[in-house]
Every structure is written in structure tokens, then in C-alpha cells.
Amino acid sequence: MFNSMSGDARVRVFARASSWIEGAAVRQLEQLLARRGVIAVAGMPDLHPGHKGPVGCAVLTDGVVHPDIVGTDIGCGMTAWRLDGELRRLRLDKAERALGRLGDRGGLDVDAAVARGVPPDVAAAHAEALGTVGGGNHFVELQTVHQLVDAAACAAEGLAVGDLTLLVHSGSRGLGPAVLARHPYDHGEGLALNTGGRAYLADHDVAVAFAALNRAVLAERAAALLGLDGAPWCDVPHNHVTLEGDRVLHRKGAAQADLGLVPVPGSRGAMTYLVRPDPRVAGALASLAHGAGRKRDRASMRGRRDKERERPNPVGNRVICADRRLAEEEAPEAYKPIADVVADLEAHGLARTVAVLKPVVTFKTARA
DNA sequence: ATGTTC
């Protein structure tokens with residue numbers, strides 16, 4: 001762990017000295033200190049520069065909400081499901097065709113959304129988004145348990161090598177941006193809890209629940225298409241705000257560490273590490289990395305079609321992505337090695353690996 | 001990230 005370049009003790013970055021983190025991201029992290037009410041900032045090992053601010057961080061304030069730290073995709077996170085199936089009995093071509101149909105259907109109808117807890121006004125505007133993956137780094141992935149690292153923990157979870165699981169990474173789709181737009185704020189000042197902050201948080205909480213429901217519907221549909229029974233296992237947001245008294249904890253691309261097991265995925269061509277977080281590490285703000293983190297921005301990845309075609313996915317999973325530009329932007333080479341990021345987490349005691357999950361079929365989009 | 005983007 002190191003303090004920021006300015007040496008300000010309020011900023012901590014949880015990476016080993018040997019781990020490369022883009023300077024621009026650390027500068028974005030330091031700039032957060034100028035915002036009203038900021039007490040502490042924690043950078044995770046997947047820290048990288050974002051469009052307006054750093055991705056892979058947690059920010060604690062006293063009584064002030066900064067909606068733009070969380071950004072547009074309020075509630076984005078990871079949901080894992082256990083499936084009642086084994087890799088050795090899976091017919092890969094059939095599974096690939098099945099997951100390819102994830103894009104066929106629209107979302108829930110309004111009544112179904114309301115029945116699952118979505119407020120009627122929100123359902124009227126956004127129900128059809130429920131069960132859609134979205135773009136960017138979002139995906140639905142069929143995985144298999146590849147390696148048991150903590151044998152006792154795996155036994156407690158009933159995990160065996162070859163078991164099938166689902167991982168869903170998605171968010172609140174159009175609802176998050178709509179919530180952000182409804183709550184204007186000054187960039188540096190943010191919203192004090194009692195002058196707009198709580199009103200934002202009320203809408204934010206709806207978006208967080210909506211995002212979790214979106215992931216649940218996606219997992220249900222994926223399991224049904226695969227013809228397998230399944231059950232929810234983990235659901236952990238990494239783009240949201242939690243409140244303790246007047247302390248406001250923002251997470252932007254940082255998984256919440258006090259909700260049990262967390263899947264930490266690599267790129268679409270890399271393993272996922274299932275980890276047990278420790279939320280008590282000083283300065284880490286009960287957070288951990290939400291994935292591998294980009295090492296190259298999207299723009300610089302475009303137009304690399306030929307290189308991409310030459311290089312099969314490193315772990316051999318099939319990827320359903322009809323959108324070539326998206327495939328380029330999300331190429332495995334755009335991301336840091338996930339094993340290094342997890343080693344950073346372990347070096348600082350932020351998490352311990354329970355198991356390694358291997359991608360089998362990754363669904364991103366069926367639309368060109 | 002986003003019913004995006006001139």
C-alpha cells in the first residue's frame with residue numbers, strides 16, 4: 001500500500017509496489033480531496049482513469065453526497081448463481097446457442113416488474129430494461145469451478161471442480177442516468193444530506209434494487225435457456241452509496257466487502273476469482289477490487305481486429321459478441337492480469353481466494 | 001456506463 005504522490009494520508013492505494021497503476025488515475029484520486037466533506041479515499045488495485053473520475057475506488061465523506069463519483073450506472077455489480085449441472089455433461093455447442101438467445105427477448109412487462117418490487121412509476125418507464133445486459137464491460141457468463149484454493153471454504157459452499165455457475169455483470173441500464181439527471185448538483189459541493197442528498201439517495205436506492213433485479217432476471221433467463229436449475233449465490237454491487245449515520249461511503253468500481261463472497265472477474269478471456277473479503281482492513285473503506293481493471297482505454301483498442309482474430313481467448317471460452325467494436329474494446333489485452341490484482345488484494349489482507357472459476361461461454365451482445 | 005454520437 002502507498003499513500004498518494006502528494007503524500008496526503010487521506011489517500012491510500014492498495015497495490016503492491018510492483019503493480020502498475022496509471023499516474024492519471026492516482027491524480028484523479030487526489031483530486032477527490034478537493035470535494036466538500038471528503039474524509040478518506042481508497043484506491044483498489046484495479047484503479048484506472050475514468051471519463052470524469054477514477055474507477056476502482058471508495059470515497060468517504062461527512063454528510064455530503066457526490067452523485068458524480070458513483071456516476072451513471074448506479075447499482076452496477078456482480079451476481080453469481082449456482083447451477084445444477086456439471087461441465088462434463090455440458091454440450092458446448094448447445095450451451096452457446098442457448099445463451100445466444102439471451103438477446104432475443106425484451107424485458108419484463110410493467111406488471112411483472114411491479115410484482116417484483118419496482119415502484120410503478122419506475123416500472124412504467126424502465127421495465128423493459130429488466131433482463132438486458134447492456135454494453136461496455138457487462139456480460140453474462142457460464143463458468144465452471146476450475147480450482148479449489150481454500151478447500152475448507154469450498155467444502156462449506158458445496159463447491160466441487162467441474163460444477164457450473166453463472167456470473168452476471170450488469171447495472172440499472174437507463175434508470176441510473178435518469179436518476180442522476182433528476183438531481184442537479186455542483187461538481188465540488190455535491191449534495192449535503194439534508195439539502196438534496198437524501199432525496200438523491202432515495203432514488204439511488206431504487207436504482208440499486210433495480211440493478212440487482214436486472215441481474216436476477218438475466219440469471220433466471222440464462223439458467224432457463226440452458227435448461228438447468230439454479231439458485232442465487234452472491235450479489236454484490238460496486239457502483240453505489242451506503243450510509244452509516246451521516247457518513248457517506250461512495251463506491252465507484254469497488255465491490256462492497258461486507259456482503260460475503262465476491263466474484264472478481266478478469267477480462268472476457270480470463271479467470272474469475274471467487275474471494276472472501278475482509279471488510280475491516282484499515283483505510284480500505286470496506287471495499288475491494290471489482291475486477292481486473294483496464295490497462296488500455298477503449299479508444300486505443302479500436303481497429304485491432306486482425307490482432308484480435310489471431311489470438312483466441314487465453315482460457316478458451318466462447319464469446320458471443322456480434323458487435324465488433326465492442327469486441328475490440330473489451331479484448332482481454334485491454335485488461336490487467338486478474339491474478340496480479342488478486343495478489344494485491346491478498347497482500348493487503350483485503351481478500352482471500354476461495355476458488356478460481358473458468359469461463360465457458362460469455363454472452364455480451366447478439367446485436368451488431 | 002447511457003434509448004449513446006453530429
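Chain letters run A, B, ... following the sequence lines, proteins first, then strands; residues in each count from 1. Reckoned from all heavy atoms, side chains included, excluding hydrogens, waters and symmetry mates.
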Spacing of Arg298(A) atom CZ relative to dT4(B) atom P, expressed in whole Å: 17 Å

Interatomic distance, Arg251(A) CZ vs dA1(B) C1' [rounded to whole Å]: 19 Å

Spacing between Lys52(A) atom NZ and dT2(B) atom P, to the nearest angstrom: 17 Å

Touch class at under 4.0 angstrom, heavy-atom based, for Gly71(A) against every strand present: nothing

Whole-Å distance separating the CG atom of Asp323(A) from the P atom of dG3(B): 14 Å

Sugar-phosphate, base or nothing in reach of Gly135(A), heavy atoms under 4.0 Å: sugar-phosphate

Whole-Å distance separating the CG atom of Leu130(A) from the P atom of dG3(B): 12 Å

Sugar-phosphate only, base, or nothing, as touched by Gly171(A) at under 4.0 Å among non-hydrogen atoms: nothing

Expected output: side-chain Arg16(A) to main-chain Asp340(A) donor-acceptor under 3.5 Å: yes

Value rounded to 0.5 Å, distance of OG1 in Thr165(A) from CG in Leu357(A): 5.0 Å

Listed partners of Arg101(A) passing side-chain hydrogen bond (donor to acceptor under 3.5 Å, both in side chains), at least two apart: none

Value in whole Å for how far the P atom of dT5(B) lies from CG of Leu326(A): 16 Å

Rounded interatomic separation in angstrom, taking CD from Glu329(A) and C1' from dT5(B): 13 Å

Sugar-phosphate only, base, or nothing, as touched by His138(A) at under 4.0 Å among non-hydrogen atoms: sugar-phosphate

Between dA1(B) (C1') and His126(A) (NE2): distance, integer Å: 14 Å

Test item: His138(A) side-chain N/O and Val133(A) main-chain N/O as donor-acceptor pair under 3.5 Å: yes

Glu128(A) side-chain proximity, nearest of dA1(B), dT2(B), dG3(B): dG3(B)

Sugar-phosphate only, base, or nothing, as touched by Gly176(A) at under 4.0 Å among non-hydrogen atoms: nothing

All pairs passing salt bridge (Lys or Arg N to Asp or Glu O under 4.0 Å) where residues 206-229 of chain A contributes a residue, at least two apart: Arg116(A)-Glu220(A), Arg215(A)-Asp235(A)

Side-chain N or O of Arg173(A) closer than 4.0 Å to phosphate OP1/OP2 of dA1(B): no

